[in-house]
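Values below: all heavy atoms of this structure, side chains included; hydrogens, waters and symmetry mates excluded. Indexing begins at 1, ligand by ligand and atom by atom, following the structure's order. Starting from 1, each residue takes its place in the sequence as its number.
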Amino acid sequence: MSETAKLTYDGKTYELPVVIGSENEKGIDISKLRSQSGLITLDDGYANTGSCQSEITYIDGEAGILRYRGIPIEQLAEQSDFVEVAYLVIFGELPTAEQLSEFRGLLTQHQFIHESMRNHFEGFLPDAPPMAILSAMINTLGCFQPALIEPEKDEHFMEASARLMSKVRTIAAASYKKSMGQAMVYPRFDVCYPCNFLHMMFSMPNRDYEPPQEAIRALDKFLILHADHEQNCSTSTVRMVGSSRANLYASVASAVCALWGPLHGGANVAVIDMLTRIRDRGEKLEKFIERVKEKDSSERLMGFGHRVYKNFDPRARILKDACHEVLNKLGVADSLLEIALQLEDVALHDEYFVERKLYPNVDFYSGIVLRALGVPVEMFTVMFAIGRMPGWIAQWREGHMNPRARICRPRQIYTGPTLREFVPIADRE
Ligand code: CMC
């Protein structure tokens, strides 16, 4: 028998269905509440609101669990690669060898951007933020492939996904080259996805860059860990924009903007800024932590805390190990890692952080990995976006294909002035 919850208000009781997920998560279905009672629910920041049912990613924030399509993130980070994980996230199953080879082939086939898109780059100032360029260029991509902007059909969907994933990497590297005043580098046909990105970032017309295996593996891990994270701010943006039947490119371009902010994807930049400030000022870590804890402080311990994880973010654990590994293997010394490790230790033993269950999140260590690869800080959030592409594509598609889907249109409780008369300008005080 299906479960229900009861809500009593103003002498009447309403019975509300309880929806139970495959991992026994429970949610009260309030979709009929307003028509039955006139009441809506109010939930600032949607912290306690399920916006959809989804088969893509499972998180248990209390236990620190993250799985894509049921498979633990630790196994994927250790045993898989980004392209295979992207296939899993987008299409729902691990690919066979043949399917994987077809998908890799499509990624290679579609890695070039249309030559006339190069002109679009010329319109940006050299110091234009790469996230602004990325968002604008993704929207532009849609204009070049109008037949694929609404890829409902399965055969179109695979090509559209591959095109987007592949071209985003080319655009990202090109935006970096533009910011450096360097010539754009064409992608290669004979190297893997992360290697090709590093090639386009760091090769010069007269000198090919051959990234070390450790750098390729570290970047691949970084991308795997960012591939999806259920209904966060940018993913909810993809679903929100997509719910109006906006096309895949427009929806993903909006998500890039949502990711840009320092409380979301921009946190990896904010962490490095914070660690650099601490180092350059020679500030005592305990003193910095005291400042963070002050009521009304504008300072936060960036890279700490998470809306869902009330335990270690499993991605942070993997990246912390990856940091040590890549720095050791590449022989890079980074004073910021030392500060990060000490800061983590101070925070994890501080009552303020313990009480609020604030642990390191994915961004606490990701910037240090990217620095070791030579990726400049302005590109960090772009790197997050490249990694998140499979998740955005999968979530857009899931929303689009849901027969029960309706346009996202939340309600509000109005708190402004009640009815008043218009006053002509001459009579206003
Ligand atoms: N430093 C200091 N205090 C914090 C922090 C922090 N990083 N995070 C939360 N708190 C405090 C907050 O002040 C509040 O205290 P009080 O109860 O006394 O008012 C309490 O913890 C709960 O915080 P909240 O702001 O209500 O939590 P939230 O779920 O709304 O915000 C968050 C989550 C990630 C935005 C927040 O923890 C934060 O700003 N962290 C720093 C930015 C960051 O690292 N963001 C990356 C998130 S992971 C990657 C991604 O998903 O994009």
Is the shortest distance from a Lys or Arg side-chain nitrogen in Arg291 or Glu294 to a carboxylate oxygen in the other one below 4.0 Å?
no
Would a 4.5 Å heavy-atom cut-off, applied to side chains only, mark Pro376 and Tyr176 as touching?
yes
Below 6.0 angstrom between ring centroids: does that apply to Tyr309 and His229?
yes
Regarding Ser54 and Glu230, do their side chains bring together a donor and an acceptor under 3.5 Å, going by distance alone?
no
Return yes when atom OH of Tyr46 has more than 12 non-hydrogen atoms of other residues, nucleotides or ligands closer than 6.0 Å, and no otherwise.
no
Using heavy atoms and a cut-off under 4.0 Å, could you grab the residues that are in contact with ligand 1, chain by chain, numbers ascending?
Leu263, His264, Gly265, Ala267, Val292, Arg300, Leu301, Met302, Gly303, Phe304, Gly305, His306, Arg307, Tyr352, Arg356, Leu358, Asn361, Val362, Asp363
Can you list the residues that meet the salt bridge (Lys or Arg N to Asp or Glu O under 4.0 Å) rule with Lys26, with sequence neighbours excluded?
Glu3
